[in-house]
Undergrad: 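The structure is given below, and queries will be raised subsequently.
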Amino acid sequence: MKDLFIYNSLSGKKEKFKPIKEGLVGMYVCGPTVYSNVHLGNVRTFMSFDMVFRYLKHLGYKVRYVRNITDAGHLEDDADSGEDRIAKKAHLEKIEPMEVVQRYTVDFHQTLNNFNFLPPSIEPRATGHIIEQIETIKEIIKNGFAYEVNGSVYFDVIKFNETKNYGKLSKRKIEDLIHNTRNLDGQSDKKNPQDFALWKKAEQHHIMRWPSPWSNGFPGWHLECTAMSTKYLGENFDIHGGGMDLKFPHHECEIAQSEASHGKSPVNVWMHANMLTLNGQKMAKSTGNFILPNDFFTGNSKHLSKKFSSSVVRFFILQAHYRSVLDFSNTALLASEKGYNKLMEAINILPSLKKSDETIGMNVKLWIKDCYKAMNDDFNSPILIAELFKLVKFINQIKDGSAFVSSDDLNLINLHLKEFVFDILGLKNDTFSDTKFEGKLKETVQLLIAMRNEARENKDFKLSDKIRDRLLNIGIQLNDGKEGTTFTIENK
RNA sequence: GGUCUCGUGGCCGAGUGGCUAGGCAGUGGUCUGCAAAACCAUCUACAUCGGUUCGAAUCCGAUCGAGACCUCCA
């Protein structure tokens, strides 16, 4: 088996992956802020890391995958005047902040479940780790990289940069940052605009608040990830992932917080998933340019012509590399749906394939190697899918009698195809064909097929076509082949 | 304005100094009573202009265009 290479945002290169402890992988991914429904762009990021998690497990690693839930609320706008987003939403809907958090946490889990995500090993919540966050702040203050003003604590970026490197992840120079930071009108407690809050004193209206040595308040929004990743994965762990838009300042600040509190660079490999765009623009709740997962299941959206299954959407997303921008469109999704159906149909007919003495038409062992090669090259799922379609072609050729497969090779295909499609890509088979369908429906359709064939023999094509077309309308497609007629049932 | 990324055929999307990506759509054929499905064959390509090189879509420079970040965002 070849080595796994992962693109590391820190170095800007693909690096051979070597876990800190052999056989074990610690991976942290920034989860959602649960103040509204996750949109498809959010889903894409988490799906990328779901695939990473699946593949690492497949390779035999024991993975501790930590993905947090941000339920403490971030600030709405500029650090000193903002209202907590969760509190703001609660105010609008006249419900408790934790009620908002609960509602959207449940929605988040249901959505990911729909898309066949594996649950992370640990899903810690920010509000459950206030003590750890306070302890981290104490460490940073003790080491001289933070200061307290009016009950709030800020990270001293300039001071930090004197001995460490602030900006090494996002490749920013602190001089440029100083130069380009807007001057805030409001009265700020910060020494410098680049400084960020570790602890904020709560204003009167702020409902979410906890006691601390500095004030009744709440933690700064970069802090929870540092506190929780350190708690569950240690001061130095293997992989940290998140959306590209979190690279700066969020991840940059995480590095600074870790280095300021315990002196170590927290993460070996930083991975960033790219944006999903709609109309060429990043999906974002704030601009209204987004599509919700639920829209696919109802089909009720100006962006969609019909319903789509979650597997089709998953397939669509994985057809692009996680580090590329992917533009969403109905046309692209329709194309993916056809491709997905073709792939599943090939899997469905696998059990009915005829075995031969030898394999002609494909080098199965080489194919398996190529599939791993694709995934080992920075989780290149589009290439893996391209390889899968080469196999699909081979399977169809066997069915048509223009290619042949040995019993051993067919076993290999069976094993590996299913591993790649279901275990690694995490797709589900939403299609139904007669080979996987049993029971009364199958018998009924077979009866209709027999009646149609009778009509055809009697040259009653009006009746035979009526049966065929009516079935197609219902979503059952008849496939006339050399060995007789089979059928496929469309999902939904 | 600053930093960074990207511009691939009708559409979506890989690749990256010489070797078919793949999917969808199109075209021709096989099969069929006709279709559909499936199979076979096949057409469209690397934003523009320069440079490096035996050779560039791939490296370098410029231009144009798009996006991300710089402020909460996956």
Side-chain angles (χ1 to χ4, degrees), chain A residues 12 29-33 35 38-49 73-79 82 85 167 170-173 175-177 179-182 184 193-194 221 241-250 272-277 280-287 290 315-316 319-321 323-329 331-343 345-346 349 374 377 380-390 392-393 395-397 399-403 456-457 459-461 464-465 468-469 472 477-482 485-488:
Chain A
V29 171
C30 293
T33 303
Y35 71 104
V38 282
H39 62 244
L40 196 68
N42 304 121
V43 171
R44 184 193 182 194
T45 295
F46 300 130
M47 191 180 285
S48 299
F49 292 105
H74 295 164
L75 292 174
E76 173 75 7
D77 41 42
D78 295 326
R85 274 151 79 198
S170 55
K171 316 278 186 283
R172 279 158 209 266
K173 291 195 180 74
E175 303 82 53
D176 295 341
L177 285 172
H179 211 76
N180 286 306
T181 306
R182 288 183 308 179
L184 305 176
Q194 299 73 231
W221 65 281
M244 198 78 105
D245 47 357
L246 295 185
K247 199 176 191 180
F248 187 88
H250 184 60
H272 290 97
N274 218 137
M275 299 294 102
L276 182 66
T277 60
Q281 303 278 129
K282 172 186 171 184
M283 280 194 199
K285 285 163 198 159
S286 52
T287 57
F290 63 86
F315 183 74
F316 164 74
Q319 263 185 310
H321 187 82
R323 279 194 292 118
S324 299
V325 174
L326 172 63
D327 191 54
F328 175 84
S329 72
T331 343
L333 196 59
L334 283 169
S336 285
E337 184 176 49
K338 291 211 172 181
Y340 166 83
N341 286 335
K342 188 174 173 178
L343 175 62
E345 204 41 52
I349 65 169
D377 184 14
N380 201 320
S381 56
I383 290 193
L384 173 63
I385 290 171
E387 291 297 334
L388 295 180
F389 277 109
K390 288 178 189 169
V392 167
K393 189 169 180 175
I395 290 171
N396 285 325
Q397 285 172 339
K399 181 187 152 203
D400 265 34
S402 61
R456 288 168 78 194
E457 270 169 38
K459 307 252 184 247
D460 185 357
F461 295 124
S464 69
D465 287 357
R468 180 227 284 159
D469 297 342
L472 189 63
Q477 181 176 292
L478 301 186
N479 306 313
D480 293 331
K482 284 190 181 118
T485 303
T486 59
F487 66 91
T488 315

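Convention: sequence-line order gives letters A, B, ...; per-chain numbering from 1. The analysis underlying the following values was restricted to heavy atoms, covering all of them including side chains, and did not include hydrogens, waters or symmetry mates.
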Undergrad: Rounded off to whole Å, could you give me the CE-to-P distance for the A:M47 and B:A74 pair?
TA: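 That distance rounds to 16 Å.
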
Undergrad: What's the closest nucleotide to the A:A284 side chain, out of B:C39, B:C73, B:C70?
TA: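 Closest nucleotide among those given: B:C73.
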
Undergrad: Suppose we call a contact any N or O donor and acceptor under 3.5 Å apart; does that hold for the side chain of A:D480 and the base of B:A36?
TA: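 No, the side chain and the base share no sub-3.5 Å donor-acceptor pair.
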
Undergrad: To the nearest angstrom, how far is A:F248 atom CZ from B:G2 atom P?
TA: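 Rounding to the nearest Å, CZ of A:F248 and P of B:G2 are 17 Å apart.
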
Undergrad: Contact class for A:G41 (heavy atom, under 4.0 Å): base, sugar-phosphate, or nothing?
TA: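 Touches a base.
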
Undergrad: Would you say A:K285 reaches B:A74's phosphate, i.e. side-chain N/O to OP1/OP2 under 4.0 Å?
TA: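 Yes, because at least one side-chain N or O of A:K285 sits under 4.0 Å from OP1 or OP2 of B:A74.
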
Undergrad: Let me know the distance between CZ of A:R323 and P of B:G13, rounded to the nearest Å.
TA: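 That distance rounds to 16 Å.
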
Undergrad: When all nucleic acid strands are considered with a 4.0 Å heavy-atom cut-off, which category describes A:N396: base, sugar-phosphate, or nothing?
TA: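 Sugar-phosphate, backbone atoms only, no base.
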
Undergrad: Regarding A:H272, tell me which of base, sugar-phosphate or nothing describes its non-hydrogen contacts under 4.0 Å with the strands shown.
TA: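 Touches nothing.
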
Undergrad: Using atom CD of A:E345 as one end and atom P of B:C39 as the other, report the distance to the nearest whole Å.
TA: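 That distance rounds to 11 Å.
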
Undergrad: At 4.0 Å (heavy atoms only), tell me whether A:L472 reaches a base, stays on the sugar-phosphate, or touches nothing.
TA: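 Touches nothing.
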
Undergrad: Can you give the dot-bracket line for RNA chain B, where a pair is Watson-Crick or G-U wobble with both atom distances under 3.5 Å, crossing pairs use [ ], and | marks a partner on another strand?
TA: (((((((..(((.....[...))).(((((.......)))))....(((((..]....))))))))))))....

Undergrad: Give a yes/no on whether any side-chain N or O of A:N380 is located under 4.0 angstrom from OP1 or OP2 of B:G15.
TA: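 So the side chain of A:N380 is within the cut-off, an N or O lying under 4.0 Å from OP1 or OP2 of B:G15.
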
Undergrad: Give the rounded distance in Å between these two atoms: CE of A:M275 and C1' of B:G67.
TA: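 The answer, rounded to whole Å, is 11 Å.
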
Undergrad: Quick one: which of B:U16, B:A36, B:G67 gets closest to the side chain of A:D377?
TA: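 When the side chain of A:D377 is considered, B:U16 is the closest of B:U16, B:A36, B:G67.
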
Undergrad: From the options B:C72, B:A36, B:C12, select the nucleotide whose nearest atom is closest to the side chain of A:R85.
TA: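 When the side chain of A:R85 is considered, B:C72 is the closest of B:C72, B:A36, B:C12.
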
Undergrad: Rounding to an integer number of angstrom, what distance separates B:U44 and B:U32 when you compare their C1' atoms?
TA: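 That atom pair is separated by 31 Å.
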
Undergrad: Starting at atom CG of A:L478, determine the distance to atom P of B:G33, rounded to an integer number of angstrom.
TA: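 Checked: the CG to P distance equals 15 Å.
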
Undergrad: If the sugar-phosphate is the primed atoms plus P, OP1 and OP2 and the base is the rest, what is the B/S/- string for nucleotides 21-27 of chain B, using protein heavy atoms under 4.0 Å?
TA: BSSSS--

Undergrad: Please tell me which of the listed nucleotides, B:G33, B:G67, B:A38, lies nearest to the side chain of A:Q281?
TA: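 That would be B:G67.
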
Undergrad: Assess whether side chain to side chain donor-acceptor pair (under 3.5 Å) is satisfied between A:N479 and A:T488, documenting all intermediate values.
TA: CA-CA 8 Å; A:N479 306 313; A:T488 315; 2.9 Å; yes

Undergrad: So what does A:D465 hit on the nucleic acid, given a heavy-atom distance under 4.0 Å: a base, only sugar-phosphate, or nothing?
TA: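 Base contact.
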
Undergrad: Rounded off to whole Å, could you give me the CZ-to-C1' distance for the A:F316 and B:G13 pair?
TA: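 After rounding, the gap between these two atoms is 10 Å.
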
Undergrad: With a 4.0 Å cut-off on N to O distance, would you call A:E387 and A:K390 a salt bridge?
TA: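 Salt bridge between A:E387 and A:K390, a charged N being under 4.0 Å from a carboxylate O: yes.
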
Undergrad: Tell me what A:S324 touches on the nucleic acid: a base, only sugar-phosphate, or nothing, going by heavy atoms under 4.0 Å.
TA: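 Answer is sugar-phosphate: A:S324 comes under 4.0 Å of backbone atoms only.
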
Undergrad: Give A:R172 one of three labels, base, sugar-phosphate or nothing, depending on what nucleic acid heavy atoms sit under 4.0 Å from its own.
TA: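 Base, at least one base atom sits under 4.0 Å.
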
Undergrad: Could you tell me whether A:A320 contacts a base, only the sugar-phosphate backbone, or nothing, with contacts defined as non-hydrogen atoms closer than 4.0 Å?
TA: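 A:A320: backbone/sugar contact only, no base atoms under 4.0 Å.
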
Undergrad: Side chains of A:I349 and A:N396: does their closest heavy-atom pair fall under 4.5 Å?
TA: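 Counting from C-beta outward, A:I349 and A:N396 do come under 4.5 Å.
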
Undergrad: Check for me: is A:F461 stacked on B:G33 by the 5.5 Å centroid and 30° plane-angle rule?
TA: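 Stacked: ring centres under 5.5 Å, planes under 30°.
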
Undergrad: Is there a donor N/O on one and an acceptor N/O on the other, under 3.5 Å, for the side chain of A:K282 and the base of B:C73?
TA: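 Pair found.
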
Undergrad: Tell me the interatomic distance from A:H321, atom NE2, to B:C12, atom C1', rounded to whole angstroms.
TA: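 For the pair A:H321 NE2 and B:C12 C1', the rounded distance is 17 Å.
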
Undergrad: Any chance you could measure A:L478, atom CG, to A:F487, atom CZ, to the nearest 0.5 Å?
TA: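 Separation between the atoms: 9.0 Å.
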
